[in-house]
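A short worksheet on the structure shown next.
Index from 1, following the sequence.
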Amino acid sequence: MSENSEAPGPGSTPGSTPGSTPGSTPGSTPGSTTPGPQPEPLLFFGTTWVDHDGGYGLRRVGAAVGSLAAAVAACFVLRFAFQGLEIADVGNLVGILVVLMFAICSAIAFRKTWEGFSRRPADPAREANLRGLKTIGFVGSLIAYFLRTFKEAPGEQLRRTEYETALARYAKRRSARTGNPAARKTTKGKRPKRQ
């Protein structure tokens, strides 16, 4: 989230969309800028989560249906993979281990994905180490995404909290620097003019 669009850094800010200038609001012309923090876009939702406009409700329904359909399709793929193990006759122990592995990885992926909707990870390095487990348990992530869409856009709570905090800090900073500091005249330490 960019806190001050008046001084954009190199490249685009996380709150900008492709083809727009840093600090511009989505849907605005590329040359216009809005001072202050910009909302961070969410996957499939953009910045519609801010005011719940721009088809926000339809996007939530679409995200719910899409994630559920992807989870069901993934379960069918896993079923075919398990049938392949049965055809290969690898034994009951391998079949049980494969089912346990997918169940445990799905539970870990569900938990981590659900936690990621409401807070940033405390240790990004640990999250990177768990990326493999989350990939194997992708069904858990899809189910977490599906369930979260009933409450809000997945990740909306975290983004809204950060955005409102940034807006409050920006408003406080703006109110603290009222007036033009360059126009203020200080009499302290001034030397009289020589004649």
Could you report the tightest heavy-atom contact between [X] and [Y], atom names first, then the distance?
X: Gly155; Y: Glu152; value: N-OE2, 4.4 Å
X: Gly95; Y: Phe82; value: O-CE1, 3.6 Å
X: Ala109; Y: Gly137; value: CB-O, 3.0 Å

Decide yes or no for Thr149 and Pro154: does some side-chain heavy atom of the first lie under 4.5 Å from some side-chain heavy atom of the second?
->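 Yes; the side chains approach each other to less than 4.5 Å.
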Are any non-hydrogen side-chain atoms of Arg126 and Lys112 less than 4.5 angstrom apart?
->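 Yes; the side chains approach each other to less than 4.5 Å.
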Pairwise distance [atom1]([X]) to [atom2]([Y]) - rounded to 0.5 angstrom:
X: Leu78; Y: Ile136; atom1: CG; atom2: CD1; answer: 11.0 Å
X: Ser67; Y: Leu142; atom1: OG; atom2: CG; answer: 6.5 Å
X: Leu97; Y: Leu93; atom1: CG; atom2: CG; answer: 4.5 Å
X: Thr48; Y: Leu58; atom1: OG1; atom2: CG; answer: 10.5 Å
X: Arg79; Y: Phe76; atom1: CZ; atom2: CZ; answer: 10.0 Å
X: Phe150; Y: Arg60; atom1: CZ; atom2: CZ; answer: 9.0 Å

Indicate, with yes or no, if [Y] and [X] share a hydrophobic cluster defined by side-chain heavy-atom contacts under 4.5 Å among Ile, Leu, Val, Met, Phe, Trp and Tyr.
X: Leu68; Y: Leu43; value: yes
X: Leu130; Y: Phe117; value: no
X: Phe146; Y: Phe138; value: yes
X: Leu167; Y: Val50; value: yes
X: Ile143; Y: Ile108; value: no

Answer yes or no: are there more than 12 heavy-atom neighbours, outside Asn129 itself, under 6.0 Å from its atom CG?
->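 Atom CG in Asn129 is crowded, with more than 12 foreign heavy atoms closer than 6.0 Å.
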Would you say [X]'s side chain and [Y]'s backbone share a donor-acceptor pair under 3.5 angstrom?
X: Arg159; Y: Glu40; result: no
X: Ser106; Y: Ala103; result: no
X: Arg160; Y: Trp49; result: yes
X: Arg119; Y: Leu158; result: no

Would you please classify the geometry between the Tyr56 ring and the Phe45 ring as parallel, tilted or perpendicular, with 30° and 60° separating the classes?
->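 If you compare the ring of Phe45 with that of Tyr56, the planes turn out tilted.
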Once the angle between the rings of Phe110 and Trp114 is folded into 0 to 90°, is it parallel (under 30°), tilted (30 to 60°) or perpendicular (over 60°)?
->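 Geometry flag for Trp114 against Phe110: parallel rings.
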Quick one: do Arg59 and Glu156 make a salt bridge, cutoff under 4.0 Å?
->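 Not counted as a salt bridge, because no side-chain N and carboxylate O are separated by less than 4.0 Å.
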Where do Glu127 and Arg131 land on the salt bridge (Lys or Arg N to Asp or Glu O under 4.0 Å) test, with the steps shown first?
-> CA-CA 6 Å; Glu127 286 296 314; Arg131 189 174 294 138; over 6 Å; no
Could you go through the salt bridge (Lys or Arg N to Asp or Glu O under 4.0 Å) check for Arg120 and Glu162 one step at a time?
-> CA-CA 10 Å; Arg120 299 271 183 198; Glu162 291 176 347; 2.9 Å; yes
